[in-house]
Each structure stands twice: as C-alpha cells, then as structure tokens.
Amino acid sequence: MDRLSRETVVRLWDEHGDALVLYARQFCDAPEDVVQEAFLRLTQQTLVLENPVGWLYRVVRNRALNAARGRQRQSRRESGAAARSEPWFDWAAEDRLDAAEATAALEGLPMNQREVIVARLWGGLSFEEIARLQGASLSTVYRCYQRGLAALRERLDG
Amino acid sequence: MADEDRENDELKAFAEALRSLRPRTGQIDTGLRSLLAKDPDAIACDGHLLLCIRCGKVLPTEDRAADAALVRTAPRGKCRWLWPAACAAMTTVAAGLLVAMVICREGAQKGTVPFLRHRAAKIETAPQTRSQSRQLADHGGPPSTASHVAAANQTRQVEEAENPMPPGFSRWAVSRTSGSGQRILSVGDANLPDALLQCYFSPQNDASTGRKLASTGQLEMAEAALTNHDLLQRLLKLTEGSGDPSRSPNPKPFHVREEAL
C-alpha cells in the first residue's frame with residue numbers, strides 16, 4: 001500500500017491543523033506535540049484510510065487523553081506547580097468575539113459539550129462523525145451541542 | 001414555533017461568530033508544515049525527528065542515513081568484547097611461552113633436566129592421595145633415601161620416555177657412568193680410528209690419551225656414531241680382543257653389557 005502523498009498531508013494540515021490543535025487542547029496542555037505525533041503517524045501510515053480526517057481526530061483524541069492522564073500524575077507529584085493557561089485563539093481586530101473571553105467561556109463548559117462544539121465548529125465534523133468519535137449516540141451528541149452552544153452564548157453575550 | 005426558529009437562527013449566528021475565531025497553533029504551524037512539505041521518507045526515521053528548534057529545518061536525510069548505517073554496523077553485545085578477549089588470550093599465551101622458555105634455558109645452563117621433565121618427575125614423586133600425605137606426616141618428615149632413589153629412577157624413566165635415545169647408546173652410557181673401580185670407556189672412543197682404538201685399548205696406554213681426544217665435538221660425533229649398530233659391534237669386538245689379562249692392570253677393563261647390543 002502506498003502512503004499518503006506529500007501534497008495530501010500538507011493539505012490536511014492546512015485545513016485541519018489548527019482545529020486539531022484546538023481539539024487536543026480540550027484534553028491536555030501540550031496539544032502541539034499531540035497533533036505533531038498524529039501527523040507523523042499519518043505520514044508513516046501504510047494502510048489506505050477512507051477518512052483521514054476522522055482518523056486524525058481519533059488519534060489526536062487518544063493521544064491527548066493519554067497525555068492528560070500523564071499530566072495529572074505529574075501535577076499530583078508537583079503539587080505547587082501552577083496550571084498553564086494559554087489563549088486558545090489568535091486575536092484579530094475583525095473578530096466579533098473577544099478571544100480571551102471565548103477561551104474562558106469554553107473552559108467553563110463540561111468536557112463532553114466542549115468537545116462536541118470544538119469538533120463541530122472548528123473541525124467541521126458531522127454529528128455522525130462526532131458520535132462515532134465519542135462512542136455516543138447521535139441524539140446525545142446533538143443535545144450536547146445545543147446545550148453547550150446556548151451556555152456559551154449566555155456567558156459571552158450576558 | 002417562531003421563537004424556536006428565531007432562537008436557532010441566533011444560535012447559528014453565534015456559532016458563525018465563534019467559528020470566526022482562529023485557533024492558535026503556535027510554533028507548530030511553521031515547523032510542522034515545513035516538515036510535512038519535505039520528503040516523507042526524510043520524516044520517517046524510526047519515529048524520531050532531528051529538527052532544529054530555532055529554524056525548524058530538518059537535518060539532511062543523507063546525514064541521518066549515514067548515522068543509521070553507522071548504528072547498524074556498530075558492534076554490539078558479545079562482538080563488542082571480541083577483540084579485547086582475543087588480545088588478552090594472545091598475551092597470556094605469549095607470557096606462558098616466555099616463562100617456559102626461560103625455565104628451560106636456565107635448566108640447560110645448570111645442567112639439569114628441562115622444565116617439563118622436572119614437572120613430570122614431580123608429578124610422579126608427589127603424594128597422590130591423602131593417605132600418602134598422612135603417611136608422610138606420620139613418619140615425621142620428608143621421604144627416606146630409598147624413596148629418593150625410587151623418585152630418581154622414576155625421573156630417569158620419564159626422561160627416557162619423553163626423549164628416547166638409541167637403545168645401544170643409552171645403555172652404554174649407563175654402563176659408562178656406573179663402574180667405579182673399572183676403566184670406563186668414554187663415548188669419545190667410539191669416534192676414534194681403529195688404530196687409535198687399538199692403541200687406546202692396549203694396556204700400555206693410559207686413559208689420558210682417550211680423554212685428550214675426547215673433545216666436545218668428538219663427543220657429539222661419538223653420540224651420533226654410537227647409534228650405529230655396526231660400530232657397537234666393532235667396539236665390542238675390540239674390547240673383547242684387546243689386551244692381555246696378564247699385562248693389564250685391570251683384567252676386565254671394560255664393562256659392556258650384552259643387552260646394549
């Protein structure tokens with residue numbers, strides 16, 4: 001089996017790289033490393049992937065969860081270490097929403113709602129793909145999306 | 001119904017506003033993209049990336065391929081210690097040979113038996129069991145003179161077994177060194193011409209003539225000549241036919257064993 005072509009990998013990075021970083025940021029503090037490892041695994045992948053985007057999200061999710069577990073163990077050992085807080089979005093003058101406020105609002109959401117919103121809005125995944133990714137039903141995913149979006153709007157507009 | 005539609009529209013507008021926020025990717029954007037734009041074979045290096053942390057450039061593929069080849073060809077495990085072990089073994093063998101050569105040379109200069117014969121004699125004369133050691137301890141000292149003689153005989157047997165001499169010569173030499181009151185035939189006599197032997201074996205001649213002729217070179221030649229059976233026969237005939245017993249101070253001047261022939 002042939003690997004993915006160089007152009008395909010670069011195109012996937014251009015289209016989904018930032019969204020994957022934001023998606024991995026929901027789980028761990030080192031999303032860049034997780035996404036980089038996922039893309040490197042993609043370049044070494046010998047099997048033909050029907051849905052490379054979904055494969056990337058699944059790899060990023062698994063690796064980010066593993067990194068989060070390792071981070072929790074490390075933070076337990078380093079009890080005095082302060083949690084790292086970086087802005088999730090780049091600031092731009094034409095943005096209608098403030099990037100820092102959006103970050104704070106997203107951080108306040110439950111994990112399942114936050115994951116669905118990020119995967120849907122910035123990742124561009126369908127609800128079916130998100131349901132497969134989370135291992136949940138379609139209705140559950142849609143309900144999480146609606147509730148999370150309403151909560152964000154209430155926090156940012158209110 | 002209209003409220004729900006209006007709420008959904010507002011949520012969609014809010015979602016679009018959220019979507020307009022650009023996720024921050026940091027340094028990975030430039031580094032990883034430049035990396036992915038390169039040759040995929042350059043990336044796949046056993047899962048490791050040799051990436052410059054300042055400029056994001058990947059180390060050239062040729063260098064990594066050369067490093068990988070070096071790692072593959074480097075000795076590992078047991079092969080790593082092969083040449084030191086071989087060197088140590090050769091040094092040990094050379095040292096052993098040197099010690100053996102020095103001991104043999106010293107033994108030759110002192111006139112004693114070489115090293116290996118000494119060792120063989122020690123093995124033969126050493127107590128082999130605890131009972132023998134206990135017997136030695138009960139007798140209160142070193143072995144007696146008889147045991148010394150037995151050990152010397154064993155040593156001589158070992159010598160003869162290791163360096164066998166011609167049968168005639170060895171027994172002739174034993175005869176030469178054993179008679180105390182007799183006239184002893186020197187091995188140098190074997191190389192003498194018949195006329196000299198006749199003169200030498202005659203009662204008027206004294207032994208000094210034979211000793212005078214028996215230089216070192218003649219002794220060596222005599223040793224070689226004594227291996228000849230015919231020469232021994234001739235010497236024996238000369239010995240038997242030489243001299244008149246009435247004129248001879250020694251009625252039986254030569255002690256030659258029959259078994260020497």
Side-chain angles (χ1 to χ4, degrees), chain A residues 3-14 17-25 31-45 86-92 94-99 101-103 105-106 117-118 120-124 145-146 149-150 152-154 156-157, chain B residues 1-65 67-69 71-72:
Chain A
R3 294 174 181 173
L4 288 175
S5 65
R6 184 175 23 169
E7 292 76 15
T8 306
V9 176
V10 173
R11 181 179 55 79
L12 284 172
W13 167 253
D14 290 338
D18 51 356
L20 281 167
V21 171
L22 181 63
Y23 182 70
R25 204 183 293 277
E32 295 91 353
D33 297 342
V34 171
V35 175
Q36 178 170 321
E37 290 176 5
F39 268 91
L40 290 177
R41 280 196 61 187
L42 180 66
T43 60
Q44 299 167 3
Q45 189 63 243
E86 293 180 353
W88 290 2
F89 303 99
D90 286 331
W91 180 84
E94 65 271 16
D95 290 340
R96 289 183 291 172
L97 296 174
D98 184 71
E101 289 180 358
T103 301
L106 271 174
I117 288 174
V118 169
R120 173 66 180 167
L121 290 183
W122 288 279
Y145 176 74
Q146 291 289 340
L149 205 59
L152 274 179
R153 182 188 170 200
E154 184 178 350
L156 291 175
D157 290 345
Chain B
M1 191 67 183
D3 291 341
E4 286 184 2
D5 291 341
R6 186 168 54 87
E7 190 174 352
N8 285 336
D9 291 341
E10 289 177 358
L11 277 178
K12 286 182 180 176
F14 178 73
E16 288 300 321
L18 269 180
R19 194 196 303 266
S20 64
L21 291 174
R22 287 170 303 170
R24 186 180 181 217
T25 54
Q27 297 297 323
I28 189 177
D29 193 11
T30 56
L32 186 61
R33 195 185 187 288
S34 62
L35 176 65
L36 294 175
K38 293 181 181 299
D39 188 4
D41 292 333
I43 302 170
C45 184
D46 295 333
H48 298 287
L49 289 176
L50 303 178
L51 187 68
C52 178
I53 59 175
R54 293 186 178 178
C55 61
K57 289 182 178 177
V58 184
L59 199 68
T61 313
E62 292 79 13
D63 293 346
R64 276 186 286 152
D67 292 342
V71 168
R72 279 196 299 270

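Since this is a predicted model, take the numbers as computed values, not measurements. Letters A, B, ... are given to chains in the order of the sequence lines, protein chains preceding strands, and every chain is numbered from 1.
In plain terms, the two heavy atoms of A/L156 and B/F14 that are nearest each other are CD1-CZ, 3.5 Å. A pairwise comparison of heavy atoms in A/L121 and B/R19 identifies O-NH1, 2.8 Å as the closest pair. Contact detail for A/F89 and B/L21: the closest heavy-atom pair is CD2-CB, 3.6 Å.
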Side chain to side chain contact (heavy atoms under 4.5 Å, CB included) between B/L11 and A/Q146, intermediate numbers included: CA-CA 8 Å; B/L11 277 178; A/Q146 291 289 340; 3.4 Å; yes
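In this structure, the portions of A/L152 lying under 4.5 Å from any heavy atom of chain B include both its backbone and its side chain. For A/Y145, the part lying under 4.5 angstrom from a heavy atom of chain B is the side chain only. Of the atoms belonging to A/R120, it is backbone heavy atoms, and not side-chain ones, that fall under 4.5 Å from chain B.
With contacts defined as side-chain heavy-atom distances shorter than 4.5 Å, the pair A/L149/B/L18 qualifies.
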